Structures are given as C-alpha cells and as structure tokens.
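This report concerns only the one structure given below.
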Amino acid sequence: YMRPPIRLASLMKLQVIYVFTHDSIYVGEDGPTHQPVEQIAALRAIPGLTVLRPADAEETQAAWSIAISNKNGPTALALTRQNCEVFQKQDSNWRENIKKGAYIAADPDEELDLIIIASGSEVNLALQVKEKLNKNIRVVSMPGKELFDVQDTEYKNAVIPKNIKRVVIEAGIKQGWEGIAGDDGVIIAIDKYGESGPYAIVGDAFGFTADKIIDSIS
C-alpha cells in the first residue's frame, strides 16, 4: 500500500524517511503473508529511493544519519524484528565508509580465500560462518547496495577484490545481487514465500544457519 506514495516522493525528490520493521522471514509466526521476502528488491527498484538495511544498533544509528542528510530524495530503512548483536567493526573508518554503501566488517590476517557479503541481520550470520569455517574470510556489510553500486572502481575493488570467490547472504529474493556475486559466486537467498513458525525454526528451514551456509559453500 505504501509503494505509490514512496514512488511519488522519489519522483518529486522529497526528503521523506520511511522506517520499516519486521523484516523478512524472521517475522516468524505471522507467516508468509507478513514475510516481505520480495519487498527489499522491489524498493531497490524505485529510482531515487535510498534503501538501507542496517545490521545492528550502530549501523542503524549511522543509517539514520545518512537518511537525515539525504536532501535529494526519500530514504527507506528496513529493520529486523529480532535482536542483532552489536559486532566489532574492523574498519576503523566504518562510520564514513558506510555512507558508500558497504565496508569491511571483518578481515583475516592472511591472504583472502573467500568474501562474504551480507546485509541486515545476515551480517551477524556471516560473522558466525567466518568463525566456524577454516578459511581466510572477509565479511563485508552492505546495508546500501545502490550506494555501493555508484562508488568509484577503486573503492569497490578495495572492498570486494576481483578474482576472490564471493558469497552473498540476504534473507530475500536474490534479484539484484548477481552483479555483486559475480559469475562464480554463490547467492544464498529466498526465492519463494516463507513459512509460519518461530523465527529461528523458519530460518533453519530455509538454510539460514551458519552450519547450513557452510555446507552450501564448502
């Protein structure tokens, strides 16, 4: 029901901030009618709308700052229902770099084997995979895919170098992530409607646990 006014706000370049909660399948017992697996991709398709899916309380604060600084159009914040752990950001300049849509949340000490790109609550999940999988993994938090898409090549290659295998994790449809994942990448997404049940059980059923993701990419 909100799509027409959001579209008009984008058309008129109005500084409107939309705050959406109860993200993706983690709505849980409300079931598939209330689990907006396709809505993030649909919002990202609106020209001029800045879509931000922050991963924890610190990123949410930063996303709000981006929204109130955006004078050229509307911003949509997509927030999850469940608690997300505030994680240590390895990039000491992350509060500036998040304005570019993505930054390095965690990095290995040795040469990269794998890059995991995630948004929202799935960043916590990506960090769990990094801890459990015996590989040198970089975790990239990408709350603002469109912001990252318009960055210069130097920054994009610094965050997501070429010729390193990529895994994208987002609890929504995979549409739009193909360019980030690359031809040889893996996209762990949800391309069908959800199910009714406690959020942890629903997440497990759709493969959104650290162990099942490791099985998918090992």
Side-chain angles (χ1 to χ4, degrees), residues 21-29 35-37 40 52-63 78-92 94-95 97-98 101-145 148 159-161 164-174 177 180-182 184-191 194-195 197-218:
T21 64
H22 291 60
D23 187 27
S24 194
I25 56 170
Y26 303 114
V27 174
E29 291 87 347
Q35 295 170 2
V37 293
I40 292 294
L52 301 172
R53 190 169 181 251
D56 64 7
E58 289 182 339
E59 280 198 11
T60 302
Q61 183 185 46
L79 308 178
T80 188
R81 178 184 182 183
Q82 76 273 25
N83 294 326
C84 292
E85 182 179 348
V86 176
F87 56 88
Q88 183 83 25
K89 281 79 171 168
Q90 192 148 346
D91 180 357
S92 60
W94 75 268
R95 289 188 182 276
N97 286 333
I98 196 174
Y103 67 94
I104 298 169
D107 223 16
D109 295 327
E110 301 178 21
E111 186 175 351
L112 286 176
D113 295 324
L114 181 69
I115 303 172
I116 302 178
I117 304 108
S119 75
S121 53
E122 287 76 74
V123 176
N124 269 275
L125 187 55
L127 292 168
Q128 293 173 26
V129 172
K130 174 179 169 58
E131 290 299 313
K132 299 184 79 168
L133 191 59
N134 187 27
K135 289 186 177 181
N136 296 320
I137 298 174
R138 169 178 291 179
V139 175
V140 173
S141 177
M142 190 175 289
K145 180 182 173 297
F148 184 74
V159 176
I160 307 176
I164 305 293
K165 183 177 179 180
R166 306 170 184 182
V167 175
V168 174
I169 308 174
E170 186 172 71
I173 64 172
K174 67 181 179 182
W177 285 109
I180 298 294
D184 300 323
V186 176
I187 303 174
I188 298 172
I190 301 173
D191 282 318
E195 299 288 345
Y199 80 88
I201 294 175
V202 175
D204 180 73
F206 282 93
F208 281 79
T209 66
D211 289 337
K212 289 190 174 180
I213 289 172
I214 288 170
D215 290 341
S216 298
I217 63 180
S218 297

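Source: prediction; values computed, not measured.
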| To the nearest 0.5 Å, what is the distance between CD1 (I169) and CD1 (I116)? | 5.0 Å
| Can you list every pair that meets salt bridge (charged side-chain N to carboxylate O under 4.0 Å, His left out) and has a residue in residues 118-135, with sequence neighbours left out? | R53-E122, K132-D211
| said: Within the structure provided, determine whether I217 and V129 are in side-chain contact (heavy-atom separation under 4.5 Å). | reply: yes
| I25 versus G203, closest heavy-atom pair with distance | CD1-CA, 3.9 Å
| If you look only at pairs with a residue in residues 105-117, which of them pass as a salt bridge (charged side-chain N to carboxylate O under 4.0 Å, His left out), with sequence neighbours excluded? | D107-R138
| query | So, S24 side chain and A171 main chain: donor-acceptor pair closer than 3.5 Å or not? | reply | yes
| K89 and D56, any side-chain heavy atoms less than 4.5 Å apart | yes
| query | Is any side-chain heavy atom of L112 less than 4.5 Å from a side-chain heavy atom of P161? | reply | yes
| note | Rounded to the nearest 0.5 angstrom, the CD1-CD1 distance for I160 and I117 is 4.0 Å
| Just by modelled atom types, is the K165 backbone N or O under 3.5 Å from a matching donor or acceptor in the D184 side chain? | no
| query | Does the side chain of Y103 pick up a donor-acceptor pair with the side chain of E59 at under 3.5 Å? | reply | yes
| message | As an exercise, state the distance from CG of L125 to CG of L127, rounded to the nearest 0.5 Å. | response | 9.0 Å
| Any donor-acceptor N/O pair, E58 side chain to V86 backbone, under 3.5 Å | no
| query | Side-chain contact, heavy-atom cut-off 4.5 Å: Q82 with S121? | reply | yes
| query | Does the cation-pi check pass for K212 over F208, that is, NZ or CZ under 6.0 Å from the six-membered ring centre and within 45° of its axis? | reply | no
| query | Does the side chain of N136 come within less than 4.5 Å of L114's, by heavy atoms? | reply | no
| query | Taking all non-hydrogen atoms of both residues, which atom of V27 and which atom of R81 are closest, and how far apart? | reply | O-NH1, 2.5 Å
| field | Rounded distance [0.5 Å steps], OG1 in T209 versus CG in D215 | value | 8.0 Å
| query | Just how far is it from atom CD1 of I190 to atom CD of Q35, taken to the nearest 0.5 Å? | reply | 8.0 Å
| query | So do the side chains of I188 and V167 get within less than 4.5 Å of each other, counting heavy atoms only? | reply | yes
| remark: Between D23 and T80, the two heavy atoms sitting closest are CB-CA, 3.7 Å
| request: Report yes if some heavy atom in the side chain of V202 is under 4.5 Å from a heavy atom in the side chain of Y26; otherwise report no. | output: no
| request: Can you measure from CG (L79) to SG (C84) and round to the nearest 0.5 angstrom? | output: 9.5 Å
| request: For residues I98 and P143, report the shortest heavy-atom separation together with the two atoms involved. | output: CG1-CG, 3.7 Å
| query | Which atom pair, heavy atoms only, marks the closest approach of A106 to Q90? | reply | CA-OE1, 3.5 Å
| note | Nearest heavy-atom contact between F148 and A102 is CD1-CB, 3.6 Å
| request: Go through the steps to decide whether E29 and E195 satisfy the test side-chain contact (heavy atoms from CB on, under 4.5 Å), and finish with yes or no. | output: CA-CA 8 Å; E29 291 87 347; E195 299 288 345; over 6 Å; no
| Under 3.5 Å, is there a donor-acceptor pair between the side chain of R166 and the main chain of I180? | yes
